[in-house]
Structures are given as C-alpha cells and as structure tokens.
Number of protein chains: 2
Amino acid sequence: MSESLNERSKRILEAIIEDYISTAEPVGSRAVLHRHGFALSPATIRNVMSDLEECGFLASPHTSAGRVPTAKAYRLYVDSLLQLRGIAEDEEAAIRRRCSIIGKDVAEILKDTSRTLSTISHYTGIVLAPRLAANIFRHIEFVKLGQRRILAILVSEGGIVQNKIFESDAELSAADLGRMSNYLNDLLHGLTMEQVRRRVLEEMQNEKVLYDTLLKSALEFSEQALEDEGSEVFIEGQANILEQPEFADLEKMKEIFRAFEEKNTLVSLLDRCMSARGVNIFIGAESRLSSLEGLSIVTSSFRTGANTLGVLGVIGPTRMGYGKVIPIVDYTAKLISNLLNSQ
Amino acid sequence: MSESLNERSKRILEAIIEDYISTAEPVGSRAVLHRHGFALSPATIRNVMSDLEECGFLASPHTSAGRVPTAKAYRLYVDSLLQLRGIAEDEEAAIRRRCSIIGKDVAEILKDTSRTLSTISHYTGIVLAPRLAANIFRHIEFVKLGQRRILAILVSEGGIVQNKIFESDAELSAADLGRMSNYLNDLLHGLTMEQVRRRVLEEMQNEKVLYDTLLKSALEFSEQALEDEGSEVFIEGQANILEQPEFADLEKMKEIFRAFEEKNTLVSLLDRCMSARGVNIFIGAESRLSSLEGLSIVTSSFRTGANTLGVLGVIGPTRMGYGKVIPIVDYTAKLISNLLNSQ
DNA sequence: GTTAGCACTCGTTTCCAGCGAGTGCTAACT
DNA sequence: AGTTAGCACTCGCTGGAAACGAGTGCTAAC
C-alpha cells in the first residue's frame with residue numbers, strides 16, 4: 001500500500017475531487033469516465049478507486065453510493081495536485097474596487113474586507129482584527145466625558161484605534177488631561193507596544209513622577225488603556241453557508257452557527273496562522289476543532305513590514321473550490337497589507 | 001361580527017395565544033380546556049373559536065389541525081390582554097451584571113448589550129448604534145499616520161468615537177495637526193453636531209481663516225470627519241433563531257439570515273423607532289418588510305436627556321414570549337441610558 | 001493488466017392503509 | 001338562546017411493502 005500513488009491514480013483522484021467539489025454528490029466510477037475522458041473502462045476505474053479507498057483517500061457513505069474524498073485527499077490535492085492559475089482578472093478588479101481605505105476607520109475597512117471575501121468566494125469571509133500588542137504606538141489621548149469619567153483613545157500604526165471608558169478617582173480638568181496626553185505622547189513616541197508597556201512601568205519608579213500626582217495618574221491611566229482587549233473578529237456572509245448542500249441538515253447547521261458565535265475558538269485558530277507567511281489551509285478536522293468538522297479554512301496574514309497585523313480568510317465546506325479561493329485570499333491579504341501601510 | 005369581543009372570547013383567545021406561544025403547535029378545542037380550567041365543553045369552545053376565526057384572530061393551517069393566532073390576535077394580545085408583571089429579579093440582576101461600561105468602548109458596550117439581550121430572552125438581540133447627528137460634540141483630534149495620511153478622531157457625548165482615515169493634499173507636521181485640533185476644540189466646544197456643522201461652514205467664510213491655510217485645512221478636514229457614516233447595527237445571538245421550530249424549514253431560514261445580513265432594511269425599521277418613547281412592537285408584516293414575515297421585533301430607544309442615542313431590542317418569532325421580552329427590553333434600554341449618561 | 005458480465009447491496013421513492021387529532025353539523029337539553 | 005353530546009368527515013402523519021436504480025465487488029475471459 002505505497003503512499004506514493006502512480007500518475008494514473010493521481011489523475012483519477014484529482015478527477016474525483018473536482019467532480020465532488022462541483023456536484024457535492026458521491027462520485028461513481030461511471031461519472032469519472034463521463035466527465036473526464038479517461039481511456040479506461042468503469043471496471044478499471046473501480047479497481048483504482050478501491051485502492052484509493054484502501055489508502056485512505058476515499059470513503060464510501062454506503063455500499064451503493066459512489067465515493068467521497070477524505071480530508072487526506074483534499075490535503076494531497078491542495079499540496080500537490082492543484083495547480084493555481086492565479087487570480088481571475090475580474091475577481092482582482094472586484095476586490096480592489098471594494099477594498100478602500102479613505103473615509104473609513106480600520107474596523108470598517110476590515111469588516112468590508114470580510115464581506116468582500118465572502119461575496120467573491122461565495123463562502124464565508126473572516127478577518128481577525130489587528131492585535132495591539134505586536135504594533136507600534138502612535139498616539140494617546142484622554143477626553144473628559146463626565147466629572148470623573150474619562151475616555152482613553154489609543155492609536156497605533158496603520159490607524160488602528162482602541163478606546164476605553166474608565167473612571168478616575170479624582171476629578172481632572174480638560175487641561176490636565178491635555179497635559180497628560182502630551183507627556184505620554186512624548187514619552188512613548190515610536191515605541192512598540194511591548195516597549196511602551198515596559199516604559200510605562202519603568203517610568204512609574206522615576207523620582208520626578210513620584211512627586212507629581214498628575215504624571216503619576218497619567219501613567220496609571222495609560223496602563224489601563226494599554227490592556228489589550230483581545231482581538232476582534234469579523235465574520236461576514238454567514239448566510240452563504242446555507243447554500244451548501246452538505247449543511248442542509250438542521251443540526252449540522254446549528255452547530256456551525258454556534259461555532260461562528262463562539263468567536264474565541266476561532267480566534268485561537270486564527271492566532272495559529274498569524275506567524276505563518278503565505279496562504280494557510282486547514283482542512284476539516286485538521287483545525288482540531290470539532291465544531292468545524294466538515295469545514296475548511298483558507299487564511300493568509302496581512303502585515304506592515306515585519307509586523308503581522310492580522311489574519312484574513314475564507315471558511316467553507318471541505319468541498320471548497322480551493323483553486324479559486326486560494327488566489328483570492330492571497331491577493332486580498334496582500335492588498336490590505338499595502339493599504340494599511342501608511343507609505 | 002362586532003370587533004369588540006365579549007369577556008369570555010377574550011379569555012379564550014388569550015388562552016390559545018399563550019398555549020401557542022409555549023408549544024408552537026396549533027391548538028385545538030380540547031387543549032384549551034385541558035390546560036386552562038374553563039367550565040365549558042369542547043363544543044362551546046369550538047363555537048367561540050369559529051367566531052374568532054371569522055373575526056380574523058385565528059387561522060387554521062388545515063381542517064384537522066387546531067388553530068393558530070394571527071398577527072391581529074397578537075396585536076390585541078400585547079395591547080390589551082397581556083398584563084406585564086415587570087421584569088423578573090434574576091433577569092434584572094443578570095442584565096445589570098452583563099452590562100458594564102468601564103474598560104470598554106461604546107461599540108463594545110453595545111455589542112455586549114445585544115448579546116445580553118439575546119441570551120436573556122433566548123431570541124436574537126439587536127442594537128442600533130448611536131448616530132452622530134443627534135449628538136453633542138466633545139472632542140476632535142488629528143493623528144498623523146503617514147506622510148499624507150491622517151486619522152481623524154471625533155468624540156461625542158457618551159463617549160461615542162468615530163474615526164476616519166483620509167489623505168491630505170499637503171504634508172502637515174504633527175505639531176500642525178495638534179494646533180488644528182486645539183483650534184477646532186475651542187471653536188466647537190459644547191455644540192450639537194448640527195450646530196457644529198453649521199459653525200464649520202460659517203467659519204470658512206471668516207476673513208482671518210481665508211488667509212491662514214492651516215485653519216482652512218483644519219476646517220476642511222473637520223468637514224470630512226463630520227460626515228456621518230450611517231449607523232452601525234449589532235445583531236447577536238442569531239443562532240437562537242435556529243431553535244425556533246417554525247423556522248425548521250430551510251428556505252425560511254435562509255431568508256431570515258439574509259435579512260440579518262442585509263442590515264440597511266433593519267436600520268430603516270429601527271430608525272422609525274428612534275423617536276418613539278417607551279417600548280415599540282412590530283408584529284409580523286406590520287414592519288412592512290416581507291423578509292421579516294413571521295418575525296416580531298420589540299424595541300426601545302436609549303437616550304441621554306432629550307437626545308435619542310440609539311435603539312435596542314429583540315427579534316423573535318411572532319410567537320414570542322411578549323410578557324417576558326417586553327420588560328427585558330424596557331429595562332435594558334433604561335439601564336443603557338443611565339450608563340451612557342456621563343452624570 | 002484490463003474489461004465485460006452479473007449478482008448483490010442498500011438507500012430512495014412511491015404507494016397504500018390505518019391512525020388520530022380536530023372540526024362542523026345536527027339534534028337534544030337546560 | 002345558549003350549551004352540550006354525538007357523530008360523520010377531513011386530512012396530515014406514520015409505517016410498512018414494493019419497485020427502483022445507482023453503484024459496487026467478484027469472476028472469468030481477453
């Protein structure tokens with residue numbers, strides 16, 4: 001049972017996978033013949049298919065149905081059978097047209113990107129918003145909302161804005177808050193968030209600061225403001241999943257929508273893709289998340305320079321049109337990287 | 001066929017509606033008798049039900065099923081039959097525990113609120129984020145992102161932050177941007193957004209401004225930053241809809257999820273609730289949105305003083321537990337109003 | 001190694017009978 | 001006149017049997 005299939009077996013497996021991707025129905029020996037022009041008889045195909053099943057590439061739902069590719073088959077398919085033909089021109093144009101920056105905030109940009117991914121791919125788009133931690137400090141600002149209520153606004157590279165409301169012990173004037181902002185902006189200019197955090201802690205030991213209550217509370221506030229509030233996920237086009245015949249079963253569908261709402265698990269999955277360059281593919285159970293059984297995820301990270309800003313991708317059935325989706329995800333990630341790079 | 005039903009008919013209708021709300025199945029004459037202690041025979045109930053059908057309060061799916069309340073019946077029910085018993089203590093406690101302000105931004109607060117609404121009600125939560133237009137100016141800030149790329153941050157009352165990225169024609173230094181912010185903050189302090197907009201336009205005619213390019217571009221920028229980007233909607237707990245037996249049909253469900261994704265229509269519906277005080281209820285087709293057929297929406301607006309900030313509510317099947325949902329929505333709206341009121 | 005032929009498997013569809021919940025009508029009762 | 005018992009009737013649902021058909025695996029021949 002050698003794992004290295006011969007050329008013919010590979011071609012047949014490829015045909016079966018592509019057939020199944022387009023029809024969503026178990027494919028039988030005659031179907032392979034019909035739609036692809038092999039110069040072989042059904043019986044021969046059957047023999048090959050039987051071998052492929054033994055090697056774990058195919059499975060039969062029951063005796064008298066055709067066969068269905070396994071996760072292993074898809075893995076082989078995306079790794080060595082599939083030849084990427086690059087992104088289609090009209091798709092590229094559509095993505096470029098829909099992803100713009102001007103006049104939006106970053107959250108909006110990413111949400112629109114997620115929606116674009118879903119619309120173009122006809123599956124579900126997912127974008128993991130940038131995390132603060134890995135990023136570079138740009139600006140901090142405190143705004144007085146009420147007597148003691150203060151809004152902290154933190155801006156990092158690429159225009160990512162995080163803001164938080166909190167309450168101060170003492171009442172501070174708007175001018176005080178302005179001075180605090182200035183002090184911190186000078187102090188923290190150009191540092192990474194890691195460094196910012198360390199710097200704030202160091203500075204709190206500083207003698208001058210110890211005797212200046214204003215500076216002291218400035219540092220205390222910034223410490224609170226810096227607490228990373230966890231990443232945000234934008235999942236758009238969930239309804240596209242409903243079109244997939246394999247999820248016609250109500251129970252299965254509930255599970256998927258629950259998984260979409262339970263964003264933490266998705267975040268941890270996408271976190272794993274953060275560091276990897278290029279396109280990443282999880283097929284079915286490979287994600288180790290039982291709730292995503294039957295689903296595949298194609299992701300790529302976007303970045304400014306060496307900094308990974310976030311991850312975007314497409315979720316669809318394992319029976320996904322990888323040949324189309326992979327270039328889409330790849331291109332979109334690169335486009336967003338460029339857009340967020342402030343020159 | 002007098003529209004004013006006698007007391008007995010009302011009581012029977014009420015019993016039918018409540019039965020249907022809890023079972024989701026057409027209710028027959030015997031069921032009414034079983035679960036509520038009417039001193040009547042099934043035959044009498046049947047006669048009454050027949051009358052109620054003629055008046056348009058009931059409908060029968062087919063001859064041998066029981067009967068189902070119509071939208072008209074629910075309307076009568078919420079308007080005059082239902083007696084609200086106020087919110088349950090444990091629900092109130094749960095809502096209060098889940099809705100906090102400190103350490104979050106407003107978007108996060110509202111999203112969490114939407115989630116809370118869905119969790120407590122077991123239906124789907126919806127929150128329409130505050131619109132800028134109706135609100136009071138607090139702060140504006142420009143942050144330099146790249147050579148020409150600028151981030152504008154606009155804060156209004158309650159801590160609502162709106163930010164936008166745009167590009168300037170000329171390169172401006174960080175100090176320039178700081179001066180611009182200060183100038184505008186002085187100029188616009190305490191005005192409503194309406195007044196802010198007018199003030200900016202007036203000021204652009206000012207002689208002093210005409211000769212100061214910095215002031216001029218400050219005003220131009222603020223004009224761009226002020227453009228309202230439309231309201232944001234947070235819909236959480238969509239998966240709860242899947243639990244409702246009436247949406248077991250795949251087609252129906254697709255329609256609902258599409259409607260949830262097509263947020264514009266929902267926004268326009270919620271906009272209609274903005275001005276109304278107290279709890280608002282749309283039953284089924286009353287919303288005039290065909291995609292929401294079979295769904296009811298219970299909403300209430302939240303506000304600071306005279307200003308309506310936004311609308312929140314619950315979406316569920318017309319067969320919704322109004323008696324439970326109405327107090328929940330009412331209480332949550334009041335709570336959020338209080339929380340966003342910066343004293 | 002490949003192919004034709006054939007028996008066999010097994011899910012799907014169709015049809016029909018029987019069941020039961022619920023109604024509407026009529027006639028009797030208070 | 002309103003209420004009730006009785007009864008025939010409707011109609012969706014359930015379950016089992018039969019027919020169907022797609023697809024396989026095996027064997028024997030090429």
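By convention in this document, chain letters (A, B, ...) are assigned in the order of the sequence lines, proteins followed by strands, and residues within each chain are numbered from 1. These figures come from a predicted structure and were not determined experimentally.
Place B:Ser64 and B:Ser50 on DNA chain C by their nearest nucleotides, and B:Ser64 ends up nearer the 5' end.
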Please set out all donor-acceptor pairs under 3.5 angstrom arising from side-chain atoms of residues 313-322 of chain A, sequence neighbours excluded.
unit_1: A:Arg319; atom_1: NE; unit_2: A:Glu246; atom_2: OE1; d: 3.2
unit_1: A:Arg319; atom_1: NE; unit_2: A:Glu246; atom_2: OE2; d: 2.8
unit_1: A:Arg319; atom_1: NH1; unit_2: A:Ile21; atom_2: O; d: 2.4
unit_1: A:Arg319; atom_1: NH2; unit_2: A:Gln244; atom_2: OE1; d: 2.8
unit_1: A:Arg319; atom_1: NH2; unit_2: A:Glu246; atom_2: OE1; d: 3.0
unit_1: A:Tyr322; atom_1: OH; unit_2: A:Ser296; atom_2: OG; d: 2.8
unit_1: A:Tyr322; atom_1: OH; unit_2: A:Thr318; atom_2: O; d: 2.6

Under 3.5 Å, which donor-acceptor pairs link side chains of residues 76-86 of chain A to any protein atom two or more places apart or in another chain?
unit_1: A:Tyr77; atom_1: OH; unit_2: A:Glu18; atom_2: OE2; d: 3.0
unit_1: A:Asp79; atom_1: OD1; unit_2: A:Arg75; atom_2: NH1; d: 3.3
unit_1: A:Ser80; atom_1: OG; unit_2: A:Leu76; atom_2: O; d: 3.2

**Q.** Verdict with reasoning, B:Glu14 to B:Arg11, per salt bridge (Lys or Arg N to Asp or Glu O under 4.0 Å)
**A.** CA-CA 5 Å; B:Glu14 187 182 2; B:Arg11 292 259 306 287; 5.5 Å; no

**Q.** side-chain contact (heavy atoms from CB on, under 4.5 Å) assessment of B:Ile281 paired with B:Tyr74
**A.** CA-CA 10 Å; B:Ile281 304 176; B:Tyr74 289 117; over 6 Å; no

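A side-chain N or O of B:Ser9 and one of B:Asn6 form a donor-acceptor pair less than 3.5 Å apart.
As judged by a 4.0 angstrom heavy-atom cut-off over every strand, A:Arg30 is placed among residues making no nucleic acid contact. Across all strands, A:Ser60 comes closer than 4.0 Å to no nucleic acid atom at all (heavy-atom distances). Contacts of A:Thr63 with the nucleic acid, taken as non-hydrogen atoms under 4.0 Å apart, involve only primed sugar atoms and P, OP1 or OP2.
Regarding B:His62, its NE2 atom lies at a distance of 6 Å from the P atom of D:dG12, rounded to whole Å.
Applying the salt bridge (charged side-chain N to carboxylate O under 4.0 Å, His left out) test to pairs two or more places apart or on separate chains, those with a residue in residues 322-333 of chain B are B:Glu91-B:Lys324, B:Asp330-B:Lys334.
Base-pairing analysis of DNA chain D finds the following stems of at least three consecutive Watson-Crick or G-U pairs, with both pairing distances under 3.5 Å: C:1-30 with D:1-30.
Side-chain N or O atoms of B:Thr70 include one that pairs as donor or acceptor with a backbone N or O of B:Gly56 at under 3.5 Å.
Interface limits on DNA chain C: the 5'-most and 3'-most nucleotides within less than 4.0 Å of chain B heavy atoms are C:dA21 to C:dG24.
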Interface polar pairs with nucleotides 1-4 of chain D, N/O, under 3.5 angstrom:
unit_1: D:dT3; atom_1: OP1; unit_2: B:Arg8; atom_2: NH1; d: 2.6
unit_1: D:dT3; atom_1: OP2; unit_2: B:Arg8; atom_2: NH2; d: 3.2
unit_1: D:dT4; atom_1: OP2; unit_2: B:Ser41; atom_2: N; d: 3.1
unit_1: D:dT4; atom_1: OP2; unit_2: B:Ser41; atom_2: OG; d: 3.4
unit_1: D:dT4; atom_1: OP2; unit_2: B:Thr44; atom_2: OG1; d: 2.3

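Looking at residues 244-251 of chain B, you'll see that no heavy atom sits under 4.0 Å from any atom of DNA chain D.
By the side-chain contact (heavy atoms from CB on, under 4.5 Å) test, B:Ala43 is found to be paired with B:Ser41, B:Arg46, residues two or more places apart in sequence or in another chain being considered. Considering only residues two or more places apart in sequence or on other chains, B:Glu89 meets the salt bridge (charged side-chain N to carboxylate O under 4.0 Å, His left out) condition with none of them. Qualifying side-chain contact (heavy atoms from CB on, under 4.5 Å) partners for A:Ser114, counting only residues two or more places apart in sequence or in other chains: A:Val127, A:Phe234, A:Glu236. Applying the side-chain hydrogen bond (donor to acceptor under 3.5 Å, both in side chains) rule to A:Ser60 yields the partners A:Glu53; only residues at least two apart in sequence or on another chain are considered. Listed by chain and residue number, A:Val27, A:Ala31, A:Arg35, A:His36 satisfy the side-chain contact (heavy atoms from CB on, under 4.5 Å) test with A:Asp19 (two or more places apart in sequence, or in another chain).
Using a 4.0 Å cut-off between a side-chain N of Lys or Arg and a carboxylate O of Asp or Glu, A:Lys254 and B:Glu243 qualify as a salt bridge.
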